[in-house]
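See below for the structure under consideration.
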Number of protein chains: 2
Amino acid sequence: MALEQNETPAARSGASRVMAILDALAAADPAVFPDGLSVADVARAVGREKSVVSRQLRSLLETGMVARRDSGRYELSWRLFALAVRAGDQRLTKLAAPLLLRLTETVRERTYLSVLSDGEVLTVLSEGSRRSIEAVNWVGRTIPVHRSSSGMALLMDYEDEHILDMVRRGGSGVSDREARDFLAQVQEARRRGYTVANRIFDPELLGIGAPVRDFTGRVSAAVNISGPAFRIEPHIHAFGGHLLSMVRALQASLGSDVRPYAETGDL
Amino acid sequence: MALEQNETPAARSGASRVMAILDALAAADPAVFPDGLSVADVARAVGREKSVVSRQLRSLLETGMVARRDSGRYELSWRLFALAVRAGDQRLTKLAAPLLLRLTETVRERTYLSVLSDGEVLTVLSEGSRRSIEAVNWVGRTIPVHRSSSGMALLMDYEDEHILDMVRRGGSGVSDREARDFLAQVQEARRRGYTVANRIFDPELLGIGAPVRDFTGRVSAAVNISGPAFRIEPHIHAFGGHLLSMVRALQASLGSDVRPYAETGDL
DNA sequence: GGCAAGTGGTGCAGAAAATGCAACGCCATG
DNA sequence: CATGGCGTTGCATTTTCTGCACCACTTGCC
């Protein structure tokens with residue numbers, strides 16, 4: 001299915017005329033049209049006069065929405081990509097804040113939003129429950145990647161070899177056994193959807209984490225719940241579900257329709 | 001700089017009106033507008049009647065390019081992100097990402113993948129000591145072609161006259177001497193295989209770049225390493241070698257057997 | 001309360017587009 | 001050298017958009 005008649009019923013407004021063309025360019029299978037689409041290709045796809053399409057494409061070219069290859073064929077331009085990246089990136093913390101708060105209120109434990117920074121886990125946002133004891137403010141601090149549920153989540157998409165590399169390089173005195181344990185945890189998390197760090201960072205702490213993917217599908221951040229192991233341990237599965245549905249909501253507002261790994265279905 | 005009058009001279013066609021609005025929504029500083037932009041905000045940003053903007057936004061809303069928050073304010077939406085993942089060269093970004101990560105881990109400096117977009121250098125991917133959120137994120141932004149090692153790499157195959165043209169056209173106040181210096185750098189890079197921008201973009205930054213060629217031999221992207229000059233300067237030759245071998249691997253996976261300019265042999 | 005300012009949205013006549021047809025030059029292919 | 005597909009343009013007609021005035025509503029502020 002490379003090209004198809006996009007007979008949108010309400011295809012009358014100017015914006016949807018533009019959209020029809022952009023959609024046609026986006027829907028083109030790069031394997032079938034490796035060099036972009038010609039004016040005639042687009043005209044067939046949207047079911048319009050080639051003269052109309054020709055003029056519209058020129059207009060889109062001027063605005064930078066589409067680009068023209070050497071061959072004269074058209075494709076969506078990098079500028080669209082840039083637009084989305086800027087918009088998606090800026091919104092991470094803003095959109096995460098209310099969702100994080102809601103998650104905290106649900107699980108009654110402290111929650112965190114982190115990103116990978118220089119091979120370590122950097123906490124950028126945190127919401128606490130009144131109930132929790134810890135007064136430590138983690139925002140702005142980093143912890144080694146191998147010692148948290150967020151670290152596992154942030155490395156989730158990396159190749160196994162890479163994960164071992166990063167873990168070994170991250171901590172100074174990381175034993176081989178530790179690294180392999182970490183990898184095993186990540187592998188299990190890939191199936192389950194969320195990571196669990198049971199008494200790893202601290203003998204009394206338990207963390208549950210999940211990766212946040214941006215619109216390109218890359219893991220750009222991680223959300224985790226952390227608290228006393230004795231309190232969280234009985235609810236790991238339930239909390240994991242809450243975490244996944246929170247991440248799903250966050251990704252939706254970030255423009256990502258990528259679903260978390262191994263959707264469990266429960267929530 | 002949150003909102004500004006985008007008085008594009010050729011802002012008459014329907015498509016550019018749409019683009020202006022999308023630009024305004026993407027460029028809005030989330031710190032200033034945490035909840036999206038109102039109709040009036042957008043109208044001010046694009047310098048048009050609010051009635052026009054109101055109608056246009058509704059149209060964009062119907063197509064799914066923008067979404068409306070509970071507050072009634074607008075933000076970019078899923079349709080744009082869906083288009084964006086299809087924009088540019090998906091093969092390139094997908095294949096480059098892991099290689100870029102490995103390069104970063106080897107040289108321990110931030111690395112970038114850029115393309116030429118509308119006469120400027122657009123950063124598409126970045127790996128390395130990752131964005132600490134508040135740190136400037138370059139992905140999605142453009143810089144003038146004459147101020148980076150990537151710019152040099154992207155223009156490497158053009159004729160000298162053409163390079164001077166593009167440099168002079170790119171920056172508004174580019175001196176003749178600057179342009180000629182740039183050209184000299186490019187000519188040296190052609191012999192060496194990789195470009196070096198020593199304290200050009202910033203008095204303390206040093207960049208090393210290399211062009212990425214597609215199977216036709218055309219330069220379609222550039223990879224560069226950038227960081228503090230004092231830290232990189234002693235390793236220019238070694239880093240250049242690493243860069244070239246990374247680019248070679250990338251080109252191989254892109255289906256290109258074109259060898260980089262002036263293969264140095266080392267790696 | 002009540003005023004003022006700001007907001008999103010609508011109706012309408014004139015202004016400014018897009019539309020579709022035909023035609024042109026162009027490049028391949030047979 | 002004819003053929004067919006391509007991208008583009010001229011032009012009269014149609015359609016849409018524009019900008020103004022105006023309305024209804026909310027917000028902040030005496």
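So that the names make sense, note that chain A is the first sequence line, chain B the second, and so on, each numbered from 1.
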Treat primed atoms plus P, OP1 and OP2 as sugar-phosphate and everything else as base, then score nucleotides 9-15 of chain C 5' to 3': B for base contact with protein heavy atoms under 4.0 Å, S for sugar-phosphate contact only, - for none.
-> BBBB---
Quickly work out the [X] [atom1] to [N] [atom2] distance and round it to whole Å.
| X | N | atom1 | atom2 | result |
| --- | --- | --- | --- | --- |
| A:Asp41 | D:dC6 | CG | C1' | 11 Å |
| B:Glu49 | D:dC17 | CD | C1' | 12 Å |
| A:Leu61 | D:dT8 | CG | P | 10 Å |
| A:Asp35 | D:dC6 | CG | C1' | 15 Å |

A:Arg44 side-chain N/O to D:dC6 phosphate OP1/OP2 under 4.0 Å | yes
Closer than 4.0 Å, any side-chain N/O of B:Arg17 to the OP1 or OP2 of C:dA17?
-> no
Closest heavy-atom contact between B:Ser148 and B:Val121?
-> OG-CG2, 4.0 Å
What's the shortest heavy-atom distance between A:Ala87 and B:Phe81, and which atoms?
-> CB-CZ, 4.4 Å
Could you tell me whether A:Glu127 and A:Arg110 make a salt bridge, using a distance below 4.0 angstrom between a side-chain N and a carboxylate O?
-> no
Under-4.0 Å salt bridge between A:Arg79 and B:Asp118 | no
Scan side-chain atoms only and decide if A:Asn224 and A:Ser150 contain a donor-acceptor pair under the 3.5 Å cut-off.
-> yes
Kindly indicate whether the side chain of A:Val223, heavy atoms from C-beta on, has any atom under 4.5 Å from the side chain of A:Tyr112.
-> no
A:Ala40 side chain: which of C:dG8, D:dG7, D:dT18 is closest?
-> D:dG7
